[in-house]
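Read through the structure below, which is laid out as structure tokens, and then see the notes.
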Protein chains: 2
Amino acid sequence: MTHGAAGRSPVMADVARIAGVSHQTVSRVLNHHPNVRPATRDRVLAAIEELGYRRNLSARALVTRRTNTLGVVAFDTTLYGPASTLFGLEQAARDAGYFISIVSLKTINRKTVGEALDYLAAQAVDGLIAIAPQVEAAAAVSALQGNVPVVAVEGGEADGMPVVAVDQVRGAELATRHLLDLGHRTVWHVAGPADWLEAEGRQRGWRATLRAAGVEIPPVVAGDWSPRSGYEAGRRIAADARASRATAVFVSNDQMALGLLRALHEAGIRVPQDVSIVGFDDIPEAEFLTPPLTTVRQDFAEVGRKSIALVLDLIETGPRPVAERIVVPPVLVTRASSTAPATT
Amino acid sequence: MTHGAAGRSPVMADVARIAGVSHQTVSRVLNHHPNVRPATRDRVLAAIEELGYRRNLSARALVTRRTNTLGVVAFDTTLYGPASTLFGLEQAARDAGYFISIVSLKTINRKTVGEALDYLAAQAVDGLIAIAPQVEAAAAVSALQGNVPVVAVEGGEADGMPVVAVDQVRGAELATRHLLDLGHRTVWHVAGPADWLEAEGRQRGWRATLRAAGVEIPPVVAGDWSPRSGYEAGRRIAADARASRATAVFVSNDQMALGLLRALHEAGIRVPQDVSIVGFDDIPEAEFLTPPLTTVRQDFAEVGRKSIALVLDLIETGPRPVAERIVVPPVLVTRASSTAPATT
DNA sequence: CTGAAAGCGCTTACAG
DNA sequence: CTGAAAGCGCTTACAG
């Protein structure tokens with residue numbers, strides 16, 4: 001603030017005056033325009049440094065019609081998966097020089113998702129990323145399909161929208177096959193909420209694997225992702241355990257597996273001696289549960305990076321003739337909660 | 001798009017033309033200026049509706065010098081606490097009509113925090129909220145103290161900056177006193193990382209409570225918030241258990257308590273019969289651990305709301321003569337992991 | 001209660 | 001390689 005009118009922050013014209021050039025030349029330097037003489041460039045840079053000048057991004061956005069901001073719609077970023085994805089998105093966006101404006105929803109339906117998208121549209125974001133793991137949310141996002149590029153994270157296949165997702169079906173196959181390979185006659189399944197695409201994909205992968213193996217397909221036990229619902233599922237399975245002779249359970253996420261572990265423990269059923277358990281996500285706690293949980297790890301950071309890369313590419317090159325679907329492979333992490341069945 | 005030049009989105013002048021007024025009148029309607037005749041207002045509103053007009057926020061920001069955006073600096077939003085706080089912040093900001101621009105850091109030091117603040121400053125945010133739970137981060141934030149109002153969430157007391165925080169000392173007192181009241185001779189402590197203000201506050205509260213009770217103060221066991229570090233602390237405590245005769249442990253967060261539970265279980269030490277455990281946070285999993293975990297609940301949503309309210313107030317009314325400190329009380333949640341010591 | 005004028009701080013052709 | 005001009009879409013005094 002040693003130059004320029006006191007009290008106001010410096011503008012391009014202040015820099016220009018000090019550098020002895022016009023403000024257009026300052027603009028050229030800032031935008032890495034090739035045609036600037038090195039000596040001029042250095043003078044401008046020095047003046048910028050001296051004044052602590054920062055470009056006014058609102059003014060810039062007004063003329064370029066680019067805000068350099070990406071909107072993110074998310075649901076319950078308190079859950080490990082969405083939180084991790086968001087973290088990955090944010091890192092990748094910043095590396096690319098974009099700002100992230102986020103709205104996270106408490107409840108998902110066409111109305112709330114629509115409002116969120118409106119909210120971000122009002123901000124004139126350059127692109128939109130929707131962490132839209134529910135059928136409803138995906139539908140709401142695809143209904144929008146406005147002027148701005150949209151990428152769905154964990155979105156469904158149907159809606160003709162670019163998607164970046166972990167291969168849920170594949171993950172469920174890994175989990176189910178692992179248990180079958182250990183020698184279990186079949187594998188039970190505690191599912192996530194019916195309207196979540198991930199829950200649906202995992203159930204599909206589980207079912208396909210059992211069918212391919214030609215084994216009996218037990219009835220699905222419903223859950224809602226919460227430890228509590230896993231606990232309740234566990235009580236039900238424990239009650240049926242002797243009758244059903246369940247020896248292996250693939251649980252659709254780690255939090256439910258944690259609740260299920262608790263219920264089996266209460267019922268005096270040992271894991272893995274009596275029942276083997278496999279979860280999904282590999283939350284940081286998974287390794288330290290009793291027993292340590294075999295699970296399927298998702299690379300959320302990678303999903304975030306790929307989503308940003310895709311939306312930026314869409315911004316640059318315009319929409320594709322056919323919507324892309326980028327798939328990130330999951331990895332099975334084997335721990336103590338799964339073993340061969342007792343030979344009875 | 002039925003009016004105006006095809007291909008471009010409608011601007012204020014388009015609305016004005018359709019409503020038969022000048023664009024200033026449209027502006028007045030949008031800004032809820034009192035002096036607009038109701039009939040005129042209705043015509044303008046109808047035109048806005050008809051065109052699907054949205055105000056260009058960049059143009060608005062250019063003249064008002066307000067971006068209606070709040071910047072948030074956070075650290076590892078993958079952790080339950082920061083994720084929950086962020087969620088609360090975002091809800092509260094949106095309710096107040098503000099956008100949130102977030103940058104989350106992987107590592108915290110003066111440099112990374114400084115860069116984050118620069119990044120947000122470049123965006124000309126109207127206010128800044130720093131989830132700055134480390135000593136270093138708090139220092140970096142207070143070093144800034146630029147032109148824009150800053151509120152520190154979980155910040156320290158020293159830096160003369162407005163702070164919103166859960167009363168960590170009080171929470172630790174609740175936990176420690178609970179264990180003493182159950183009849184334990186003293187209480188051990190697994191601390192969080194030394195440079196975290198929350199870890200420091202909880203340790204302070206624990207120590208003060210023991211001192212006030214006139215009981216022996218055991219050496220602190222160090223952790224880093226992770227389940228793994230809790231596990232390692234648990235192994236150390238288990239190894240010393242007979243020698244040290246530890247019967248009660250206050251663990252500085254739930255994730256470490258989870259790891260500690262695992263270690264004690266491996267060592268054949270029963271919780272709570274042999275050792276009582278109390279955690280901190282009340283993560284969703286806490287209720288379903290084996291055994292269900294007694295812990296101290298923090299109201300992160302409330303912290304978020306209060307932080308937004310404070311920063312907005314600072315934006316409106318300017319800085320206070322003396323920096324405010326708003327404290328949110330924690331609550332003890334009693335579950336099965338804590339009980340009276342065995343009478344030996 | 002409403003309109004004509006000026007200006008916010010940039011970028012983008014257009015000259016030279 | 002660099003500058004004078006116009007304009008992005010709003011809001012804010014200023015008139016009336």
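The chains referred to below are lettered A, B, ... by the order of the sequence lines, with proteins before strands, and numbering in each begins at 1.
Using modelled atom types, no side-chain atom of B/Arg305 and backbone atom of B/Ala92 make a donor-acceptor pair closer than 3.5 Å. With hydrogens and angles ignored, the 3.5 Å screen pairs no side-chain donor or acceptor of B/Ser307 with any backbone N or O of B/Val153.
Salt bridge present: B/Arg66 and B/Glu316 bring a charged side-chain N and a carboxylate O closer than 4.0 Å. Under 4.0 Å is where a charged nitrogen must lie from a carboxylate oxygen, and between B/Asp118 and A/Arg54 at least one such pair does.
Nucleotide D/dA4 is matched to nothing when pairs are restricted to Watson-Crick or G-U wobble geometry with both distances under 3.5 angstrom. Shown here, C/dA13 forms no base pair; nothing in the strands shown gives a Watson-Crick or G-U wobble contact with both key distances under 3.5 Å.
In terms of position on DNA chain C, the residue among B/Ala59 and B/Val21 whose nearest nucleotide sits closer to the 5' end is B/Val21. Mapping A/His23 and A/Arg37 onto DNA chain D by nearest heavy atom places A/Arg37 at the nucleotide closer to the 5' end. Toward the 5' end of DNA chain D, the nearer of the two residues B/Leu62 and B/Gln24, judged by each one's closest nucleotide, is B/Leu62.
Using a 4.0 Å heavy-atom distance criterion, B/Ser58 is classed as making no nucleic acid contact.
Looking only at side-chain heavy atoms (C-beta outward), A/Ile129 and A/Val164 stay at 4.5 Å or farther from each other.
Aromatic ring centres of B/Phe99 and A/Tyr119: separated by under 6.0 Å.
Taking 4.0 Å as the cutoff to heavy atoms of chain A, we find the contact window on DNA chain C bounded by C/dG9 to C/dA13.
For A/Arg65 and B/Asn56, the side-chain atoms include no donor-acceptor pair closer than 3.5 Å.
For the atom pair OG1 of B/Thr67 and CG of B/Asp126, the computed distance is 3.5 Å after rounding to the nearest 0.5 Å.
Residues from residues 25-36 of chain A with heavy atoms under 4.0 angstrom of DNA chain C, sorted by number: A/Ser27, A/Arg28, A/Asn31.
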